[in-house]
Peer 1: 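This is the structure, below, for whatever I ask next.
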Amino acid sequence: NAGVTQTPKFQVLKTGQSMTLQCAQDMNHNSMYWYRQDPGMGLRLIYYSASEGTTDKGEVPNGYNVSRLNKREFSLRLESAAPSQTSVYFCASSEAYYGYTFGSGTRLTVV
Amino acid sequence: AQSVAQPEDQVNVAEGNPLTVKCTYSVSGNPYLFWYVQYPNRGLQFLLKYITGDNLVKGSYGFEAEFNKSQTSFHLKKPSALVSDSALYFCAVRDIKHQAGTALIFGKGTTLSVSS
């Protein structure tokens, strides 16, 4: 089915470990985004990529890096995980203002 | 600074009754406004958007939203609620400070509970 695919769905990390969250879309969208969702705080933008080859910081970029590998794929890396990064991470893609398509999320726990 | 507010953490309605989920915004210039719904353990799904044109916007699943410029509001409505409408609803506004202009600022969300 067409959409946004995120892997993994669940992950537990120890403080200081690193990991990469993968995201791929098959809708030929130009823009891709990474958000984190925390209870009572809604969704906050971590990084986004307006088009292939470009990335930009969002509201909460500290502790994260991203790579727009090609038009389809946009990965999020945690270099040294901290408990404050325990969250649900959503990748999304869009074309202009036609609305975002979200992945199903990655539930990350840092202990 | 741009922002969007959802003043109610939870809205409770009985099945068959009309529902309203409130959203107010603060932006520079013309707002681009969106509503999304999230079912448990799922990603968000797009419901509807307002960019320009008619103040009443119709979207998916029988939802509609009314843009009110004077009150800076964009309330989500449905004439007759269903139990299956129970979910978490997010209002969002375009964040113009990002160069590409397609990033969104989301509200904190409103939980809608429809009782049978």
Side-chain angles (χ1 to χ4, degrees), chain A residues 1-7 9-10 21 23 25 27 29-61 66 68 74 87-107, chain B residues 1-10 21 23 25 27 30-53 57-61 63 65 87-111:
Chain A
N1 291 336
V4 177
T5 302
Q6 288 183 239
T7 56
K9 293 189 183 303
F10 302 94
L21 281 64
C23 176
Q25 54 96 2
M27 296 167 290
H29 287 167
N30 278 310
S31 301
M32 298 185 73
Y33 314 84
W34 278 104
Y35 283 85
R36 59 178 289 174
Q37 182 180 21
D38 301 291
M41 302 191 73
L43 277 77
R44 292 180 292 169
L45 182 65
I46 305 171
Y47 271 93
Y48 79 104
S49 171
S51 60
E52 184 179 357
T54 69
T55 61
D56 206 350
K57 295 178 180 179
E59 181 185 356
V60 289
V66 291
R68 183 75 182 266
F74 188 40
S87 187
V88 181
Y89 292 85
F90 287 101
C91 177
S93 69
S94 74
E95 190 64 33
Y97 298 105
Y98 291 103
Y100 284 13
T101 299
F102 281 85
S104 58
T106 296
R107 191 173 295 274
Chain B
Q2 299 177 103
S3 64
V4 60
Q6 295 180 241
E8 301 159 317
D9 291 336
Q10 178 141 354
V21 183
C23 173
Y25 65 88
V27 301
N30 295 322
Y32 289 21
L33 296 157
F34 302 78
W35 275 102
Y36 288 81
V37 60
Q38 184 181 31
Y39 298 100
N41 299 315
R42 302 285 296 275
L44 281 70
Q45 297 177 33
F46 171 74
L47 279 179
L48 51 79
K49 69 177 186 284
Y50 171 84
I51 294 178
T52 187
V57 179
K58 294 189 183 297
S60 306
Y61 313 122
F63 284 93
L88 183 57
Y89 290 80
F90 290 97
C91 182
V93 65
R94 180 187 64 154
D95 186 358
I96 63 171
K97 77 171 180 286
H98 292 290
Q99 188 174 17
T102 57
L104 298 180
I105 298 172
F106 286 84
K108 290 180 169 39
T110 298
T111 299

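Note on naming: letters A, B, ... go to the chains in the order of the sequence lines (proteins, then strands), and numbering restarts at 1 for each one.
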Peer 1: Heavy-atom distance under 4.5 Å between the side chains of A:Leu43 and B:Lys108, does that happen here?
Peer 2: no

Peer 1: Can you tell me which portion of B:Gln6 sits under 4.5 Å from chain A's heavy atoms? Options are side chain, backbone, both or neither.
Peer 2: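 For B:Gln6, neither part sits under 4.5 Å from chain A.
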
Peer 1: Identify which part of A:Gln37 has an atom lying under 4.5 Å from any heavy atom of chain B, answering side chain, backbone, both or neither.
Peer 2: side chain

Peer 1: Within the structure provided, determine whether B:Gln45 and A:Tyr100 are in side-chain contact (heavy-atom separation under 4.5 Å).
Peer 2: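 Of all side-chain heavy-atom pairs linking A:Tyr100 with B:Gln45, none is under 4.5 Å.
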
Peer 1: Are there more than 12 heavy atoms of other residues, nucleotides or ligands under 6.0 Å from atom CZ of A:Arg107?
Peer 2: no

Peer 1: Between A:Gly40, A:Ser94, A:Gly105, which has the largest tally of heavy atom pairs under 4.5 Å with chain B?
Peer 2: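 Most heavy-atom pairs within the cutoff with chain B belong to A:Gly40.
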
Peer 1: Below 4.5 Å from any heavy atom of chain A, which atoms of B:Ile51 appear? Answer side chain, backbone, both or neither.
Peer 2: side chain

Peer 1: Contact between A:Leu45 and B:Phe106 at the side-chain level, heavy atoms closer than 4.5 Å - yes or no?
Peer 2: no

Peer 1: Counting only heavy atoms not in B:Asn30 (residues, nucleotides, ligands), do more than 12 fall under 6.0 Å from its CG?
Peer 2: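 For B:Asn30, atom CG is not crowded (no more than 12 foreign heavy atoms under 6.0 Å).
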
Peer 1: List the steps and the verdict of ring pair (Phe, Tyr, Trp, His ring centres under 6.0 Å) for A:Phe102 and B:Tyr36.
Peer 2: CA-CA 10 Å; A:Phe102 281 85; B:Tyr36 288 81; 5.7 Å; yes

Peer 1: Against chain A, label B:Leu104 side chain, backbone, both or neither, depending on which of its atoms sit under 4.5 Å from a heavy atom there.
Peer 2: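 Contact with chain A: backbone and side chain both.
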
